[in-house]
> 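Pasting a structure below so you can have a look.
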Amino acid sequence: MLRTHTCGELRITDVNKTVVLTGWVQRLRDKGSLMWIDLRDRYGITQLFLEEGKTDAALLKAARALGREFVVKVEGTVAERVSKNANIATGDIELKVTNIDVLNAAKLPPFTIEDETDGGDDLRMKYRYLDLRRNPVRESLLLRHKVAQQTRSYLDSQNFIEVETPVLIKSTPEGARDFVVPSRMNPGEFYALPQSPQTFKQLLMVSGFDRYYQIVKCFRDEDLRADRQPEFTQIDCEMSFVTQEDILTTFEGLIRHLFKTVKGIELKEVPHMTYADAMKYYGSDKPDTRFEMKFAELNDVAQGKGFGVFDSAELVVGICAKGCASYTRKQLDELTDFVKKPQIGAKGLVYVRCETNGTFKSSVDKFFDEIELSRFAQKFNAEPGDLLLILAGEKDKTRKALSELRLHVASQVGLRDKNKFAALWVIDFPLLEWNEETNRWHAMHHPFTSPKPEDMPKLQSHPGEVRANAYDMVLNGIEIGGGSIRIHDRNTQQLMFKKLGFTEEEAQKQFGFLMDAFEFGAPPHGGIAFGFDRLCSLFGGAESIRDFIAFPKNNAGRDTMIDTPSTISQEQLNELGIAVKGTIK
Ligand code: ASP
């Protein structure tokens, strides 16, 4: 090694030692006769010290010629600092420099490489390798490493085997568009990049692997948002001879293990909630359960009193904001504007203030007297000082809008603390959902999910009411994982494809390999996949997953550092037998 120590290692106990450090020049402070340099590497920062009169003149000159981000090798003696810095681990010492070797000079970086940088997103992405030198980004990647290590350690301890599945596969319909890769050797034919290794992990169960996992790249050609990337990573798992309960227990174990080892937090037991309850009480299949604020349905106390908006509504439903009766007119108007935004879509908002003196004041006083309003309050177990916020309209839309309002109010009153964690299993998802655009049933999870046996008879008569053995894990209102017990016999799988609008030929062409496999002794099996990037960002307390990915894509799906996607040469196109509009006649 060129160095004897790292820049994060030296302590007061090392005083008087002669050491060699290597790293990058983070900052130079030249006070004339005294000069300090912050030397940085992955492990920390060590202060270097030079003094006119004491330091050799040529050396001082060499130090003055250094610039930010120069790579250097420095020899010196460890000394106790006069003014100590309690904020860094090496803050008690500094290095009295006796020699500096410049290993490589550096151009002035396009942004400052410090915790708070002056670089905007675009610049940081173009020079991501410099951005990665910054502490917060490096720490995010170290956290990612730790989550991966602990995932492997837990799953290994539970007898899971890591198996790699191919990246060049064929399209599996899981709701998103595929990225495709042309095959040179098979002109006119394409591979698809996996949206997930779903069918392969099921085949591994047929092969008898019993417990599989993989920390694996998946690809989905979707429109991008802050928390989405075209390529992302899953912790993908599958088990044989298990019930849904076994899977939930095993992976609750994984999450608790990760919380404990990565965050030092003992996560409470993860409660189970049915999809139906999640929709009824939270208006969402991924409720944030860090706080209560459950929905109360008010049809029986709100309808029939002459208020048209309530009377004509399929559902009258509200939430109780604890201690918010003191909200001002302006605050209430802001909430009304919020629910009326097109993306929320409510027509208006009714409020009832439960005054501290026990009376009620509402926006519908014309239609409801004190006694009637007190019945509203009872539905929420509201107390004096609380504020009821009520929406009315078509059931699904109203629940959705109220769910948004619930989160909005909770953020306002500080109930969404990112250092608090509440996990939840949402179970019993519907098997199918009707898609207005395609005018047919779609699998809510994916086509390999098994219906609950007791709901099978409804598959013909009421397909929308059939529940699946499917589950999601939700953390702080974010879906972090989802899976299901699978179909493992040909007939049911065939029936499922039929329900989804596949002809027998289409089903055979796309998934014949899986259905064939089911005929050679497929064990009952099920599994789950966790969104690894998102899990890491939640552990890191960040909104975006981007800083937990070493080289992410931007919102347009581009990597601006290597400048891709990019065109390819005519020669390559010819070789692939691909004609690009305008280039080949
Ligand atoms: N393959 C599924 C997904 O990517 C997860 C699973 O069912 O195990 O969402």
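Side chains are part of it too, since the values below use all heavy atoms of this structure and drop only hydrogens, waters and symmetry mates. Just follow the structure's listing: the first ligand is 1, and inside any ligand the first atom is 1.
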> Are Gln195 and Asp178 close enough that a side-chain donor and a side-chain acceptor fall under 3.5 Å?
yes

> For ligand 1, does Arg220 get within less than 4.0 Å through its side chain, its backbone, both, or neither, judged by non-hydrogen atoms?
side chain

> For atom 5 (C) of ligand 1, which of the options Cys218, Gly482, Ser196, Pro197 provides the nearest non-hydrogen atom?
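The nearest heavy atom belongs to Gly482.
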
> Please check if any side-chain donor atom of Arg220 sits under 3.5 Å from a side-chain acceptor atom of Ser196, or the reverse.
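The criterion, which ignores hydrogens and geometry beyond distance, is not satisfied for Ser196 and Arg220.
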
> For Gln510 and Glu506, test the side chains for any donor-to-acceptor distance below 3.5 angstrom and give the result as yes or no.
no

> Have a look at Gln198, His445, Glu238 and point out the one with the heavy atom closest to atom 1 (N) of ligand 1.
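Shortest heavy-atom distance from atom 1 (N) of ligand 1: Gln198.
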
> Is the shortest N/O to N/O distance between His446 and ligand 1 below 3.5 Å?
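N/O-N/O distance below 3.5 Å exists for this pair.
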
> Check ligand 1 against Gln234 and write out every atom of the ligand that is under 4.0 Å from a heavy-atom position of the residue.
3 (C), 4 (O)

> For ligand 1, which atoms sit closer than 4.0 Å to a heavy atom of Ala529?
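With Ala529 as reference, the close atoms of ligand 1 come out as 5 (C), 8 (O).
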
> Are Phe421 and Leu475 side-chain neighbours, meaning at least one heavy-atom pair lies under 4.5 Å?
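Heavy-atom side-chain distance check passes, below 4.5 Å.
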
> Should you measure from each heavy atom of Lys201, which atoms of ligand 1 turn up under 4.0 Å away?
6 (C), 8 (O)

> If the contact criterion is a heavy-atom separation under 4.0 Å, does Gln195 count as touching ligand 1?
no

> Short list, please: which atoms of ligand 1 are under 4.0 Å from a heavy atom of Ile528?
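So the atoms of ligand 1 that pass are 8 (O).
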
> Gly483 heavy atoms, cut-off 4.0 Å: which ligand 1 atoms fall inside?
6 (C), 7 (O)

> So how far is it from Leu424 CG to Thr289 OG1, rounded to the nearest 0.5 Å?
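OG1 of Thr289 is found 5.0 Å from CG of Leu424.
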
> Check whether NZ of the Lys or CZ of the Arg Lys294 lies under 6.0 Å from the centre of the six-membered ring of Tyr281 and within 45 degrees of that ring's axis.
yes

> Non-hydrogen atoms of Glu479 versus ligand 1: any pair closer than 4.0 Å?
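No, Glu479 has no heavy atoms under 4.0 Å from ligand 1.
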
> Hey, could you give me each pair passing side-chain hydrogen bond (donor to acceptor under 3.5 Å, both in side chains) that has a residue in residues 134-143? Not counting sequence neighbours.
Asp115-Asn135, Asp131-Arg134, Asn135-Arg138

> Report the residues that fulfil ring-ring contact (aromatic ring centres under 6.0 Å, His included) with Phe429, sequence neighbours left out, ordered by chain and then residue number.
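For Phe429 the ring-ring contact (aromatic ring centres under 6.0 Å, His included) partners, ignoring immediate neighbours, are Tyr275.
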
